[in-house]
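Following: one structure in structure tokens, then a few remarks.
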Amino acid sequence: MAVVTRFAPSPTGYLHLGHVHAAFVAWDAARRGGGRFLVRLEDIDPLRCRAEFAAAALQDLAWLGLHWDGDVRQQSEHFSEYRRVLLDLAGRGLAYPCFCSRAAIAREVAAAGAAPHGADGGILYPGTCRGVAPGEWAARIARGDAHAWRLDMAAALDAAGRPAMRFREHGAWVAADPAPFGDVVLGRRDVPASYHLCVTHDDAVQDVSLVTRAEDLLPATHLHVLLQRLMGWPTPDYAHHPMLFGAGGERLSKRDGSVSVRELRARGMAVADVLRMARL
Ligand code: GLU
């Protein structure tokens, strides 16, 4: 089967060289393998994402010659699908609504005298809402109480069962160890979805067979493999690439103030030069 890759930016700003690098890696893998290169806009966060940045990202990719196949998928148009997954997991006792505010969680953890951290860097959730009976949480949701949705990690690991979970990273098998994430948030309080949920759902429905992305997301892959197992989705191959650029697009080795693709273009830089800068 021909490879299917994707570039999945969050339109929170203009594309910078780090994005160009990520897009190029995915595009190149698809073109070399005679496969398909997809573009997906990960825009579930209404406060941080803007339509103007989404449109600009597509214009920049086209300008760079990194043409994509098929329609661009926009996550904000698919909340009902993500919601279905949450309710499916909850119905199987693998996810539960959490009514705790961030401050309440911090207070509870502080009172317990320790603040263990989860694999995603946040405080490990102490499980306060895990034991709430479904009848009770359904009533609280019905009366409009704000809530997130959390994975019940212990139940999920039980349900995942055997054989052991693993994924291929650059062709080598890696054992997946999602436990350090604890009862991670799958649906946020503000939007009924999360990065982890959407990315695994969409990679599955879009038949992505090779996920290329920056290595800061390698730890998350351990959790993604668990979600794939729970939902019966295939686990794609992964190939995380080094981060060459900081969050603002600056070179990590030398802060040369690299800027957005738009600005490089406005300065008269040729496509070939932008691609060369981003491939180093
Ligand atoms: N939307 C994510 C980002 O912009 C990338 C997600 C992924 O490639 O899995 O960092």
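Every number for a ligand or one of its atoms is a count from 1 in the order of the listing.
Within a 6.0 Å radius of CZ in Arg92, more than 12 heavy atoms belonging to other residues, nucleotides or ligands are found. In Arg143, the CZ atom is crowded: over 12 heavy atoms of neighbouring residues, nucleotides or ligands sit closer than 6.0 Å.
Here Tyr125 pairs with nothing under the ring pair (Phe, Tyr, Trp, His ring centres under 6.0 Å) rule; sequence neighbours left out. Applying the ring pair (Phe, Tyr, Trp, His ring centres under 6.0 Å) criterion to Trp233, with sequence neighbours excluded, gives His201. Applying the ring pair (Phe, Tyr, Trp, His ring centres under 6.0 Å) test to Phe167 and every residue at least two apart in sequence or in another chain returns His222, Tyr238.
Ring planes of Phe99 and His147: tilted class, angle from 30 to 60°.
Protein residues are said to neighbour a ligand when one of their heavy atoms lies under 4.0 Å from it; for ligand 1 these are Arg6, Ala8, Pro9, Ser10, Glu42, Tyr195, Val199, Arg213, Leu217.
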